[in-house]
Amino acid sequence: MLEITRIREEKDQIIEGLKKRNVDFSEKINAIVQTDAAWREVKKELDDIAAESNRMAKEIGQLFKEGKQAEANAAKEKTNVLKEKEKTAKEKEAQLADDLQKRLYEIPNVPCAKVPVGKTPEDNVVAATGGTVPTLPESALAHWDLAKKYNLIDFEMGVKVTGAGFPFYYGKGARLQRALINFFLDQARDHGYLEVIPPFVVNQDSGYGTGQLPDKEGQMYHCEVDDFYLIPTAEVPLTNMYRDVLLNESDFPIKVTGYTPCFRREAGSYGKDVRGLNRLHQFDKVEIVHIEHPSKSYETLDGMVKYVENLLQQLELPYRVLRLCGGDMGFTSALTYDLEVYSAAQKKWLEVSSVSNFETFQANRLKLRYKDKEGKNKLAHTLNGSALALPRIVAALLENHQDEHGIKIPKALVPYTGFERI
RNA sequence: GGAGAAAUGGCAGAGCGGUCGAAUGCGGCAGUCUUGAAAACUGUUGUACUGCAAGGUACCGGGGGUUCGAAUCCCUCUUUCUCCGCCA
């Protein structure tokens, strides 16, 4: 959520900046400025009434103390009018505040200067590439066929027991999952991240804190009885640890990592992209989260991208780094890099990581602040990235590293799998 | 799940209808003293909104109520602790 003070002061720059998202927000922003002005006016009125009634209450107290019953009772009568006024002002104030809040929730983050102009994924800019695309024989199989051939993943069993998008992993398929999780967590630990095992369900406040609510309501599984949400990413619990927190500058940088399953309803998505492991309702992911000083957040973002690149290099996968254009960027982000691996049998780029700087957008909702050198409380910057999401990594590993004898496990992963080939 | 107790500032902890944004201690910050540090002493120290400012308003777990006036009384929810039950 954008800060109202910022909208007040930099209205035009914000409207201009949001144009990169290919939507004209000028009407909405202007409505916010108006609502805010109206709210402030009513708030002032309400404060004045409250001040007056506080003054009178004191006066009445004093009169009672002095034993002037009659005068006190007379003064009491007068407060009735005031109370009536206070009530209507209060209702108006609450209504305007609520309205303002709702409007603010509808405004996405302002893309930073580095965000390329564009509308569709085709407009994303390739910022880096790595690895080499293997040349596979014509007989090369897609990962869903390989999974079946070597009995690694059972999609039908998932359909039977739960539903589409909830696969079972067997034998070396299951062990490969576990190996990847451990590999990613160990790498993160070696790079200074605190490992965390968070809850996999969160409350509503947390959903709002990181921006899944209210706009992405339908993306999450909701346990209605308890009003809990299954996490769509570890970002939600890991970042919400810092909700309502006041940090010292010396606490920066905060670096946490966590493995969690992720649950996504992905309502409305279907078709060829959902085959095999490409899009699941439940998948495993290791996430990295940073809380940073505003002056360091972009430097940090670059470092995080480099870190994820290094993981992909160790897994011997061909990849590219995309700087997302304004039209393809998430609601809460100010700058996002997507990392994609090339899955050679599908002949497709698969997104395996998304690394973003949210600047103060999440921190504002979270009330995540730090005390600066002057003792002022300022909003911190939050960042996160997948490091990494497993299913598409598995898809690419199976497809790219297949040969006539099976599938070769990358060297870095062998200590974790305990086997060199499938 | 049942029965009790509790929730106050960064922390600990008083206050239980008006003089309370809130005693006191610790911590933090500034100063005195010291070659420096510690100790001691002195001062200072919550957040947000609003206003050019002076100031005003709100906040004592959340929400609602009683009252001219609520940290204080009532209702409700949440959380924590103790005891009992159930379970890993």
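Every chain is numbered from 1 and lettered A, B, ... according to where its sequence line falls, protein lines coming before strand lines.
Applying the Watson-Crick and G-U wobble criteria (two distances, each under 3.5 Å), B/U80 pairs with B/A5. Nucleotide B/C41 forms a pair with B/G31, judged by Watson-Crick or G-U wobble geometry with both contacts under 3.5 Å. If you check B/A23 for Watson-Crick or wobble pairing at under 3.5 angstrom, you find it has no partner at all. The nucleotide B/G36 finds no pairing partner, because no Watson-Crick or G-U wobble arrangement with both distances shorter than 3.5 Å includes it. Of all nucleotides present, none satisfies the Watson-Crick or G-U wobble test against B/A53 with each distance under 3.5 Å. Under the Watson-Crick or G-U wobble criterion, with both distances below 3.5 Å, B/C68 is paired with B/G18. Across every strand in view, B/C59 sits in a pair with B/G46 that passes the Watson-Crick or G-U test at under 3.5 angstrom.
Remark: the A/Tyr259 side chain and the A/Glu195 side chain contain no N/O donor-acceptor pair separated by less than 3.5 Å. For A/Glu399 and A/Gln346, the side-chain atoms include at least one donor-acceptor pair closer than 3.5 Å.
When the C1' atom is compared between B/A30 and B/A22, the two are found 25 Å apart, to the nearest whole Å. Here the separation of B/G13 from B/G64, taken at their P atoms, is 29 Å to the nearest Å. Across B/G18 and B/A70, the matching C1' atoms stand 10 Å from one another, rounded to whole Å. Taking the P atoms as reference points, B/U57 lies 13 Å from B/U19, given to the whole Å. When the P atom is used for both B/C29 and B/U78, the distance is 41 Å, rounded to whole Å. For the C1' atom pair drawn from B/C16 and B/C73, the interatomic distance equals 9 Å after rounding to whole Å. Going from the C1' atom of B/G25 to that of B/U76 covers 35 Å, rounded to whole Å. Taking atom C1' on both B/A12 and B/A7, the two are 14 Å apart, rounded to the nearest angstrom.
Residue A/Arg40 places its side chain closer to B/U50 than to any other of B/U50, B/U57, B/G69. Taking only side-chain atoms of A/Ala57, from C-beta outward, the nucleotide of B/U47, B/U57, B/C68 with the closest atom is B/C68. Taking only side-chain atoms of A/Lys44, from C-beta outward, the nucleotide of B/A58, B/U47, B/U50 with the closest atom is B/U50. Here the side chain of A/Trp39 is nearest to one of B/A48, B/G69, B/C49, namely B/C49. Distances from the side chain of A/Arg8 to the nucleotides B/U47, B/U57, B/U50 place B/U50 closest.
A salt bridge links A/Glu59 with A/Arg55: the distance from a Lys NZ or Arg NE/NH1/NH2 to an Asp or Glu carboxylate oxygen falls below 4.0 Å.
Comparing A/Glu86 and A/Glu52 along RNA chain B, the residue whose closest nucleotide (by nearest heavy atom) sits nearer the 5' end is A/Glu52. Of the two residues contacting RNA chain B, namely A/Arg369 and A/Asp47, the nearest-nucleotide position lying further toward the 5' end is that of A/Arg369.
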Test side chain to side chain donor-acceptor pair (under 3.5 Å) on A/Tyr170 and A/Asp154; report intermediate values, then the result. CA-CA 7 Å; A/Tyr170 298 147; A/Asp154 190 339; 2.9 Å; yes
Run A/Tyr229 and A/Val202 through side-chain contact (heavy atoms from CB on, under 4.5 Å) and show every step you take. CA-CA 5 Å; A/Tyr229 292 87; A/Val202 295; 4.3 Å; yes
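Put simply, CG on A/Asn54 is 14 Å from P on B/C20, counting in whole angstrom units.
Nucleic acid contact class of A/Asn377 (heavy atoms, under 4.0 Å, all strands): sugar-phosphate only.
Remark: A/Lys172 is positioned above the aromatic ring of A/Phe419, its terminal NZ or CZ atom under 6.0 angstrom from the ring centre and at most 45 degrees off the axis.
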